[in-house]
There are 2 protein chains.
Amino acid sequence: MPAGHPLLSKLARTLVLSEAEAEAVRAIPVESVAFKADQMISREGDKHSRSCLVMEGVACTSKVVAGGKRQIMALHIRGDGPDLHTLLLKHLDSDIWAVSDCRLAFMTHKDLRTLNREHPRLGEDLWRTTLVEGAIYREWMVNVGQRQADSRMAHLCCEILLRSEEAGLGQDGTCPFPVTQADLSEMTAMSPVHVNRTLQALREQGLISFGKGRLTIHNWPALVTLADFRADYLHLPTAKAA
Amino acid sequence: MPAGHPLLSKLARTLVLSEAEAEAVRAIPVESVAFKADQMISREGDKHSRSCLVMEGVACTSKVVAGGKRQIMALHIRGDGPDLHTLLLKHLDSDIWAVSDCRLAFMTHKDLRTLNREHPRLGEDLWRTTLVEGAIYREWMVNVGQRQADSRMAHLCCEILLRSEEAGLGQDGTCPFPVTQADLSEMTAMSPVHVNRTLQALREQGLISFGKGRLTIHNWPALVTLADFRADYLHLPTAKAA
DNA sequence: CGAGGGCACTAATCTATGTGAGTAACACCC
DNA sequence: GGGTGTTACTCACATAGATTAGTGCCCTCG
């Protein structure tokens, strides 16, 4: 995250802050913590007194089922709040992991509640953020439940690029995407082998390249068509449509 | 919904309201509208100036993908707010349908915003509601992505019973569940044929009965085990554990 | 600079679940 | 009270994708 308070950068994406509001945000102390790839950040059942914002790298929310299989339900990039909901929900119902090396900014619930009380407009934007997350969950469910492997993977790529651009991380059809094929398999609910086949198919069609922690989309319109992608569910302020 | 203001009954599930709070809620005008089974309630892209609460029957949130296949992402029973998020999100990103005949209570965003402003504690509970919904989306994603057909169906049954009990609709292992097998197939992302096979297997094992708009669970512990069901994600105030 | 560990990738085989094409049992309606 | 629509249910067969068991390429670290 560029210099400045991480929460400030996040809010400034959708809001124009008054000086008083900006000051209130800057007053919130932040502890920045680094995590290595595949390190657990929080565990299901944890009771939190702080929430965090992703500053660098990629984190995820996941769950493991009885048989040991794991589903990644959400990917968190710069500006996302993986556990904002613990502000109001007593315990965490999923695990949170670092997917790549990453750095998180922790703020206390107490401070966030005070902000919410004294600057309801900002609290509302935080609430809005959690609602957009919900919209993304819905779309991922559609993806996992109904789309074929190639569309499914294509859809994920479209989303990642748009969200990265929104976070100021990507442009011109390319963005950082430091995840392994095994990670992709847990996001898309396919086997790692099939992820590999599918990526190759997309590559051979000249739609994307993926590797070395980076995703590049070569033919956005074709990918969007294959993916059956409509960006409305991301509720982006900047309406990059086609 | 029993007599009284629908929003009042909903909030009273988790909160003890002061007389002033209760009065503020009762002051909100409600329009009650009936829908027939399979009638669309709202369409993707709609811009709302009102939100609703389910009073009777079952509604769902769903999306249709390019090939025409449909995923039901959420089921809404008495007390649920299928489109509460339109309070802060400009447009709807999914369709909302009546699954069975149902009755909804509509309130204007204006009134809800006023309530939120003047009684932040109540607004917070509404926010909390949307966060629980998010937790349910996460669990459904795990269900659709990782669990086998029988566990998947079992998990859905466990959730429905617990949520129905919480809504005051079911008890002693039985609750109304007015959905068809085709509906179930769209919730679980399996084919209708396979839903039928799976239900029969669960019946033969003496775990559940389902039919005539009603679900009965005969062996809760066994079903919970098969389903790999842990209720924590529902964030119920009454902690019915095992 | 050589060894070990990830990770991408491949190939052969298997299986859970989908598909298509029906029949049977009701419920509603004219 | 027979026609029509809806839902449950069956069977035979097809297939997308899982599984298992690898190989080989880097990168890193000692």
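These numbers come from a predicted model, not from an experiment. Naming: A, B, ... by sequence-line order, numbering from 1 per chain.
- Under the 3.5 Å distance criterion, with hydrogens and angles disregarded, no donor-acceptor pair is assigned to the side chains of A:Ser209 and A:Arg203.
- Ranking C:dT17, C:dC9, C:dG20 by closeness to the A:Arg203 side chain, first place goes to C:dC9.
- At most 12 heavy atoms of other shown residues, nucleotides or ligands fall within 6.0 angstrom of atom CZ in B:Arg43.
- One interatomic measurement links the two molecules: CG of A:Leu202 to P of C:dA8, which rounds to 15 Å at whole-angstrom precision.
- Closest to the side chain of A:Gln148, from the set C:dT19, D:dA8, D:dA16, is D:dA16.
- OP1 or OP2 of C:dC9 lies within a sub-4.0 Å distance of a side-chain N or O belonging to A:Asn196.
- Rounded to whole angstrom, the span from the CG atom of A:Leu184 across to the C1' atom of D:dG17 amounts to 16 Å.
- Mapped onto DNA chain D by nearest heavy atom, B:Asp38 and A:Pro192 fall at different nucleotides, with B:Asp38 at the one closer to the 5' end.
- The A:Gln200 side chain lies nearest to C:dT10 when the options are C:dT10, C:dT17, D:dT10.
- Using a 4.0 Å heavy-atom cutoff across all strands shown, B:Ala37 reaches no nucleic acid atom at all.
- Between D:dA12, D:dG17, C:dC9, one nucleotide has an atom nearer to the side chain of B:Arg197 than all others, and that is D:dA12.
- Closest-nucleotide positions on DNA chain D for A:Lys212 and A:Val195 were compared, and the one nearer the 5' end corresponds to A:Val195.
- When ring centroids are compared, A:His48 and A:His91 stay outside the 6.0 Å threshold.
- Look at CG on A:Asp101: it is 16 Å from P on D:dC27, rounded to the nearest Å.
- One atom, NE2 of B:His194, and another, C1' of D:dT10, lie 15 Å apart when rounded to the nearest Å.
- Dashed line: the shortest gap from a side-chain N or O of B:Gln181 to OP1 or OP2 of D:dT6 is not under 4.0 Å.
- Rounded to whole Å, the distance from CD on A:Gln146 to C1' on C:dT17 is 13 Å.
- Judged by a 6.0 Å distance limit and a 45° cone about the ring axis, A:Arg70 is positioned over the six-membered ring of A:Trp97.
- The nearest whole Å value for the distance from the CE atom in B:Met190 to the P atom in C:dT19 is 12 Å.
- Within the nucleic acid shown, B:Thr180 comes within 4.0 Å of sugar-phosphate atoms alone, with no base atom in reach, counting heavy atoms only.
- The aromatic ring centroids of B:His85 and A:Tyr137 lie 6.0 Å or more from each other.
- Per the geometry, NZ belonging to A:Lys69 stands 8 Å off P belonging to D:dA18, to the nearest Å.
- One atom, CE of B:Met153, and another, C1' of C:dA16, lie 15 Å apart when rounded to the nearest Å.
- The side chain of A:Val193 lies closest to C:dT10 when the candidates are C:dG18, C:dT10, C:dG20.
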